Every structure is written in structure tokens, then in C-alpha cells.
Amino acid sequence: MSELTGITLKAALDGLAARRFSAEEITRAHIQAIEAARPLNAFVLETPDRALEMARASDARIAAGDAGPLEGAPIGIKDLFCTQGVRSTAGSRILGNFIPPYESTVTSQLWRDGAVMLGKLNMDEFAMGSSNETSAFGPVVNPWRSEGSNRDLTPGGSSGGSAAAVAADLVLGATATDTGGSIRQPASLTGTVGMKPTYGRCSRWGVVAFASSLDQAGPIARTVEDVAILMRSMSGHDPKDSTSLPVEVPDFPSFVGRSPKGLRIGVPKEYRVDDMPAEIDALWARGVAWLKDAGCEIVDVSLPHTRYALPAYYIIAPAEASSNLARYDGMRYGLRVDGASLNEVYEETRAAGFGEEVKRRILIGAYVLSAGYYDAYYLKAQKVRRRIADDFETAFQHVDALLTPTAPSAAFGLGDNTADPVAMYLNDIFTVTVNLAGLPAISVPGGLDAKGLPLGLQLIGRPLDEGTLFTLAGAMEKASAFASKPARWW
Ligand code: GLN
């Protein structure tokens with residue numbers, strides 16, 4: 001492909017600022033790459049005309065000496081973010097051809113800083129899933145394949161379109177969201193970097209709600225520095241989101257490249273689960289060695305309530321989803337299927353508009369919230385959640401960050417886990433704890449497995465301490481020297 005597509009966001013911004021190429025040129029190169037990559041199904045909507053219009057406006061601002069920090073950089077947007085005048089579906093049929101009359105805060109900040117929108121990225125329906133297979137638009141195909149195989153693999157989910165587009169060099173970076181792992185697990189499965197920030201760091205206003213006490217927006221990109229650059233633009237207090245934290249945005253990129261010497265890194269023993277592939281264990285040990293070599297002190301820690309995290313998550317997330325998704329009733333926006341009575345309109349619309357997984361979550365959520373079961377399930381899960389957060393708080397009295405694998409396996413085949421929802425839910429085993437506790441975490445590529453597929457390592461930080469994660473992730477990125485790319489087959 002063009003030499004303007006495989007570069008880092010940082011290199012692109014430098015090249016644009018130095019006028020080595022124009023925003024229009026780099027945008028055109030990405031539009032071509034996207035057209036050539038349709039077999040990946042990473043986009044649900046390409047917006048080339050809007051992209052070129054935005055790029056020309058960027059070129060004018062660069063010429064006028066008025067460039068923003070992301071000026072002219074073409075990126076992709078997960079279709080969970082509402083974009084004004086551009087169809088936003090959340091990967092669901094129920095939103096139909098919904099065209100939002102407003103822009104999400106996170107995307108408006110990206111445009112404020114000069115970024116260019118290439119289009120809307122595929123995702124699991126309402127961000128429920130770990131493989132992108134619940135999307136109403138069909139699965140995304142991972143650009144990576146096992147050595148010697150042409151079998152289609154999942155890029156992970158729910159931000160599968162974002163991760164695949166970044167890995168295949170279709171965008172310089174992408175927005176994503178993470179309720180239980182949806183930024184970090186796809187980053188791990190595609191050899192990319194993804195950060196789930198502290199709960200409240202990025203505004204959720206204009207992001208379609210899945211489970212409001214867990215949902216966080218964040219970026220996926222090809223390097224730690226690129227993620228830090230995007231984080232700087234995406235973060236910040238927003239009075240329109242009552243959970244948005246009124247705190248300053250640190251200069252995230254300045255944390256990348258600092259020495260992690262002297263930082264204390266916890267290795268939680270409960271993350272060594274049964275049946276974990278030996279390769280994941282070896283990857284984890286490599287990560288420990290890299291940080292030790294960089295001058296960190298490694299400390300064994302215990303997070304005793306870890307094994308209750310997945311069951312608690314799969315009560316709390318569906319409970320909140322069943323409440324949030326009650327608004328899709330065929331009355332206000334999106335799909336409407338007519339019926340003889342008001343109830344019939346509701347029933348027919350929801351039956352036709354929601355996919356299987358979303359229906360499963362709504363049923364589970366309504367059940368755990370129902371009068372007879374509320375205390376036994378929902379309230380209990382909330383208590384477990386408190387314990388999990390307390391475990392982290394205790395650990396962070398002794399360590400500055402935690403290191404774990406991101407996901408329990410490399411990319412798996414499309415269709416491999418669709419018959420058994422619990423097998424699919426196990427993908428989130430290392431990631432959901434972080435959402436339950438509201439902490440920041442980042443996934444960084446750690447190497448390839450024996451079949452040539454990428455594996456990620458996760459660093460978990462104290463609330464609002466994304467800076468330390470950038471320093472540590474930068475050190476691991478340097479040590480791993482991960483430079484592999486998927487061989488182009490599309
Ligand atoms: N895989 C998890 C789920 O299906 C997490 C999804 C997410 O983070 N949005 O709920």
C-alpha cells in the first residue's frame with residue numbers, strides 16, 4: 001500500500017506539520033486502503049466525502065498556521081459513538097437508519113483537534129460480545145491468520161472493527177469502548193495497543209449506553225505513544241456526563257519514554273487460571289522479565305476475589321443493559337414494526353430489532369432485577385464488586401501497577417465459540433475486574449504465539465494514573481520490539 005498508510009500517528013502528524021504531505025494526500029491513501037480491505041468488513045459505513053472535506057479544511061488550517069494537535073490525521077470511529085448527520089447504529093438493526101442530530105463529546109473533541117473521520121467501524125451489537133460476531137452487519141475478519149492457514153479468525157470484540165482497521169493500516173487510530181474488555185481484548189488479538197482509561201476520564205455523552213457504570217471510551221492505535229496522543233484529545237471533564245471527572249488532562253504523551261526504574265509491579269497470583277495455555281504463561285513471564293530489566297521491582301500480590309468477577313460482571317452488565325435498552329420501543333427512533341396494539345408494537349419491534357445475544361442479556365438482566373431475585377443476584381453482585389475494588393485498593397498500597405495477560409488465548413476461529421455463551425464470556429476473565437473497579441488499563445503486544453498470532457499483556461493502574469501506565473507500556477513496547485504485521489491476504 002501507500003507509504004502514507006503504514007506509518008504511526010506520530011509520524012503522520014510530524015509529516016503533516018512539516019508539509020511533507022497534505023491531509024488530503026494521507027486521507028486519500030487511507031480511503032484507498034479501506035476500499036481494498038472490504039473483505040475484512042471492518043467498516044459499517046465509509047465516509048470518504050466527509051473525510052476529504054475535513055482533510056481540505058485541515059490543510060487550510062495548517063497553511064494558516066492554525067493546526068490542532070491531531071490536524072489532518074485520518075481515524076475511524078466505533079459505531080457506538082453518535083456522529084452528527086452520519087448514521088450511527090451500535091451494530092444493531094434496532095437503530096435502523098438513525099442519524100444523530102448531535103455529536104458525542106469524545107468525537108467532537110477529536111474533530112476540534114483536527115482529526116479526519118474515515119467512517120464508522122463495525123462492532124458487536126450494543127458492544128455485547130468478544131468476537132464481533134453479534135454485529136447486525138456480520139463479523140469483522142481479523143487481518144491476522146495462523147501460519148499456513150487461510151481460516152478466518154476473529155479480531156475480538158466488541159471493538160473488533162476498530163482493532164482490525166488499526167492492524168490492517170486502514171486508519172491511524174480509532175475510538176473504541178470497553179465495558180468488560182472490549183478495547184483491550186481486541187487489541188491483544190490484533191497486535192495493537194488499546195487503553196481503557198479510568199471510569200470518568202472520557203465523557204460517555206453521545207456514546208450509546210450498554211452498562212453505564214462500566215462503559216468507558218478509549219483509543220486503539222499501533223503504538224503506545226499514538227494511544228497517548230489520542231487519549232489527550234479524548235479525555236476531559238464534560239458537564240453533560242454526570243460521571244465525568246472534573247480533573248485536568250495530563251500531557252499523556254510526555255509519559256512515554258520515561259524510565260520506569262524503581263516502579264513496583266504487582267503480579268496477581270489469581271490470574272494464573274486453570275487450563276491457561278503455556279504460551280500465555282510464557283508471555284507473562286517475558287513481560288515480568290522486561291520490566292525487571294528496565295529497573296522495576298516485581299512483587300507477588302493477591303487479589304482474592306478475582307474468581308467472582310466474571311459472574312458478578314455477567315449479572316451487573318445485563319442488569320444495566322436491560323434498563324438502558326428499554327428505550328428502544330419503536331416510538332422515538334430507529335426501527336418500528338407496526339402491530340394491533342401498543343404492546344404489540346413494542347414486542348414486534350424489539351423481537352425484530354435485537355439479535356440473539358442482546359435478547360439473552362435483556363432476559364438475564366430483567367430476571368436478576370426482578371423483585372424476588374434482586375437481593376440474591378443484583379445486590380450480591382454489587383457487594384462482590386465492592387470486594388473486588390477493595391482488593392485492588394489493598395494491592396495498590398504496595399505496588400504502582402499490575403501486570404497480567406490481556407486475554408486467555410490468541411485469536412480464535414469465527415464460529416468457534418458462538419454455540420456456548422459461557423465459553424465466549426471466559427474471554428473477559430482478565431479484563432472485567434478492571435471495569436468493576438473503574439481502573440485504567442492498557443494492552444500492549446507482547447509477541448507472537450507458535451502459530452504466528454499476536455498476544456497482549458495488560459498493565460492495570462491506580463485511578464487516574466494513566467501516566468504511569470504509559471511509562472510502563474512504553475518500556476515494554478521497547479523491550480518487546482514488536483514489529484510484526486499481518487501478511488496481506490485481502
Ligand atoms: N465481552 C464483554 C461482554 O460481552 C465485554 C464487552 C465490552 O467491553 N463492551 O459484555
Side-chain angles (χ1 to χ4, degrees), residues 78-81 90-92 106 121-135 139-140 154-163 174-189 194-197 199 202 204 207-220 309-325 354-365 368 381 385 406-409 411-412 416-418 420-443 456 458 460:
K78 183 177 182 177
D79 211 22
L80 201 61
F81 292 80
S92 182
V106 162
L121 293 160
N122 203 347
M123 53 177 285
D124 279 302
E125 185 176 8
F126 286 105
M128 298 174 190
S130 300
S131 65
N132 226 286
E133 290 166 291
T134 72
S135 169
V140 177
T154 173
S158 65
S159 312
S162 306
T175 67
T177 61
D178 191 313
T179 303
S182 280
I183 292 176
R184 293 160 286 156
Q185 183 255 15
S188 178
L189 271 47
M195 170 173 271
K196 176 220 136 14
Y199 183 75
C202 295
R204 291 181 302 108
V207 181
V208 176
F210 163 10
S212 305
S213 77
L214 302 159
D215 297 342
Q216 249 306 283
I220 296 180
L310 209 55
Y313 171 85
Y314 276 98
I315 288 171
I316 294 168
E320 294 185 14
S322 76
S323 165
N324 273 327
L325 271 56
F354 290 136
E356 287 300 302
E357 182 61 26
V358 172
K359 285 179 186 157
R360 180 180 296 122
R361 306 270 181 127
I362 292 173
L363 288 172
I364 293 171
V368 299
R385 180 177 191 173
T406 306
S409 76
F412 48 93
D416 280 2
N417 280 331
T418 41
D420 178 2
V422 175
M424 191 65 91
Y425 298 168
L426 282 169
N427 268 283
D428 308 321
I429 191 151
F430 301 138
T431 47
V432 291
T433 52
V434 164
N435 302 74
L436 290 167
L439 303 172
I442 189 166
S443 177
Q458 171 177 242
I460 305 170

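What you are looking at is a predicted structure, and each value in this text was computed from that prediction instead of being measured. We count ligands from 1, going down the list as the structure has it; atoms in each ligand are counted the same way.
When only interatomic distances are considered, the shortest N/O to N/O separation between Met128 and ligand 1 does not fall below 3.5 Å.
The shortest contact between atom 6 (C) of ligand 1 and any protein heavy atom is with Ser182 OG, 2.8 Å. Shortest contact from atom 3 (C) of ligand 1 to any protein heavy atom: Tyr314 OH, 3.2 Å. The shortest contact between atom 2 (C) of ligand 1 and any protein heavy atom is with Asp428 OD2, 3.1 Å.
Between Arg360 and Glu356, none of the side-chain N atoms (NZ, or NE/NH1/NH2) sits under 4.0 Å from a carboxylate O, so this pair counts as no salt bridge.
Short contacts between ligand 1 and Gly180, defined as distances under 4.0 Å to a heavy atom of the residue, involve ligand atoms 5 (C), 7 (C), 8 (O). Interface atoms of ligand 1 facing Ala127, defined by a heavy-atom separation under 4.0 Å, are 6 (C), 7 (C), 9 (N). Listed by atom number, the atoms of ligand 1 under 4.0 Å from Asp178 heavy atoms are 8 (O). Under a 4.0 Å criterion applied to the non-hydrogen atoms of Tyr313, ligand 1 contributes the atoms 2 (C), 3 (C), 5 (C), 6 (C), 10 (O). Residue-ligand proximity, Phe210 to ligand 1, at heavy-atom distances under 4.0 Å covers atoms 9 (N), 10 (O).
Of the residues listed (Met123, Met128, Glu125), the one engaging Ser92 in a side chain to side chain contact (heavy atoms under 4.5 Å, CB included) is Glu125, and it is the only one.
A donor-acceptor contact under 3.5 angstrom links the side chains of Asp124 and Thr134, judged on distance only.
Note that OG of Ser182 and CG of Asp428 are 7.0 Å apart. Values are rounded to the nearest 0.5 Å. To the nearest 0.5 Å, atom OG1 of residue Thr431 and atom CD of residue Gln458 are 6.5 Å apart.
Nearest approach of Glu133 to Pro139, heavy atoms of both residues: CG-CB, 4.0 Å. Across all non-hydrogen atoms, the minimal contact from Val106 to Cys202 is CG2-CB, 4.1 Å.
For the pair Ser158 and ligand 1, a heavy-atom separation below 4.0 Å is found. Taking 4.0 Å as the cut-off, Glu357 does not count as a neighbour of ligand 1 on heavy-atom distance.
Contact annotation: the side chain of Lys196 never approaches that of Leu214 to less than 4.5 Å [non-hydrogen atoms, C-beta and beyond].
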